[in-house]
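Below is one structure; the comments refer to it alone.
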Amino acid sequence: MKPLIITAAVCGAEVTKQNNPNVPYMVREIADEAEKAWRAGASIIHLHVREDDGTPTQSLERFKACVKAIRERCGNVIIQPSTGGAVGMRDDERLAPLEMEPEIASLDCGTMNFGSSDIFVNTEKTIRYFMKKMLEKHCKPELEVFDKGMVDTAVRLSREGLAETPLHFNLVMGVKGGIGATLSDIAYLAGSLPEGSTYTVTGVGKAQFPMAAIAAASGGNIRVGFEDNIYLEKGVLAKSNGELVAKAARIAAELGRKVATPDEAREILHVN
Ligand code: KMH
Ligand code: ZN
C-alpha cells in the first residue's frame, strides 16, 4: 500500500475553547497547533481561521497571516484552506482563500442538516461554481462528502469536466445529519468511489480513531484534529492536535503503513 497521508484539521469553525481550552483561535495559536501536528506526522493542514475571540471568519487577510506563520515553521507542509467556512456564510465569502492560489482546498458536495439545528447549504449551483473556480485556479478539490448522494453529485459533475480525475475525496463519517460511522457505512462510501480515486477518512467525535484504523487497514488516508474531535481517549481531552496526529501515526505504523511526507502526499494526490 502507498504511504498514508495524515491531515490535521487544527481548529475548524465550530469547536470552542469552552469545549477544549487548547483549541486555537489566534494566528500564533493556529501556527503552534499546525507545527505540533506537522512534527507528529501531518503532511496536510486543513485550515479554518478565526478572529481573536474565536469567531469563524473567511477573511483573506487572516488566512494570509496564518499561512505565513505556518509556512515559517512547517517546511513544505501542504496547506489546505476550507471553502466550507461556517454555516451561514455566503459563497463568495467562503471562496476568499482561493485568492492565495492554494494547491488544494476543501469543496463540500451537498446540503445537509448539520448538528441538531443548523443546515449546511451547498446547492448544486454552488458546487458547480466552486468547482469552476478551483479548475480556473488549478486548485485540487478535496471533495468533502457526508453522504452517498454527495459522492454521486461530485462524480456526475466531474464527468461534465468540472473536476479533473483522479478525484480525491474526504469521507466524513458520523456528523449528525450525514452518514453514520460504522464499518458498513465506510465500506459503502469507499466502495462507491470511481476507480483510481484517493480518499481520506474523517471520523467525527468518538468515531475518529476507529474510522482511522479502518482507513489505515484498507488503503485510505486519515484526518484527525480538533475540528472533528477533541478527545485523545474517552474522558481525556487532547492537549494538542499533535497528540491526535501522533495517535493516528501510531495506528498507521502498527498496521504497516508508512506515514507520507508532504511531497509524497503531493505525488499520491496528483497535486503540484
Ligand atoms: N464548518 C462546516 C460547516 C469544510 O471545511 O469544507 C463545514 C466544513 C467543511 O468545515
Ligand atoms: Zn473544515
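FYI, side chains are in, hydrogens and waters are out, and symmetry mates aren't considered; it's all heavy atoms of this structure. We count ligands from 1, going down the list as the structure has it; atoms in each ligand are counted the same way.
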Indicate the atoms forming the closest heavy-atom contact of His168 with Thr200, along with that distance. CE1-OG1, 3.5 Å
heavy-atom search around atom 9 (C) of ligand 1 in the protein gives Asp108 OD1, 3.2 Å
Does any part of the side chain of Asn221, heavy atoms only, come nearer than 4.5 Å to the side chain of Lys2, both counted from C-beta? no
Using a 4.0 Å cutoff against the non-hydrogen atoms of Ser106, which atoms of ligand 1 qualify? 4 (C), 5 (O), 6 (O)
The atom name of the N, O or S atom in His46 nearest to the Zn ion (ligand 2) is NE2
Does any non-hydrogen side-chain atom of Val145 lie less than 4.5 Å from one of Leu171? yes
When you measure from the Zn ion (ligand 2) to the N, O or S atoms of Glu144, does any of those distances fall below 2.8 Å? no
Below 4.0 Å from ligand 1: does a non-hydrogen atom of Ala9 turn up there or not? no
For the Zn ion (ligand 2), what is the closest N, O or S atom on Glu227? OE2
Counting from 1 in the order shown, the ligand 1 atoms closer than 4.0 Å to a non-hydrogen atom of Ser82 are 4 (C), 5 (O), 6 (O)
Rounded to the nearest 0.5 Å, how far apart are CG of Leu47 and CE of Met100? 7.0 Å
Backbone or side chain, does any N or O of Thr83 fall under 3.5 Å from an N or O of ligand 1? no
What protein heavy atom is closest to atom 2 (C) of ligand 1, reported as residue, atom name and distance in Å? Glu14 OE2, 3.4 Å
Need the ligand 1 atom indices (1-based, order shown) with element for anything under 4.0 Å from a heavy-atom of His46. 5 (O)
Name of the residue among Asp228, Asn170, Asn229 meeting side-chain hydrogen bond (donor to acceptor under 3.5 Å, both in side chains) with Thr202: Asn170
Atoms of ligand 1 close to Gly84 [distance to a heavy atom under 4.0 angstrom, numbered from 1]: 4 (C), 6 (O)
Does the side chain of Cys11 come within less than 4.5 Å of Glu29's, by heavy atoms? no
Going by heavy atoms, is Glu227 under 4.0 Å from ligand 1? yes
Heavy atoms, side chains only, cut-off 4.5 Å: are Tyr199 and Ile186 in contact? no
Rounded to the nearest 0.5 angstrom, the CG-CZ distance for Leu143 and Phe130 is 13.0 Å
Report yes if some N/O of Phe146 lies less than 3.5 Å from some N/O of ligand 1; otherwise report no. no
Side chains of Glu14 and Asp118 in contact at under 4.5 Å (non-hydrogen atoms): no
What atoms of ligand 1 come within less than 4.0 Å of a heavy atom belonging to Phe114? 2 (C), 3 (C)
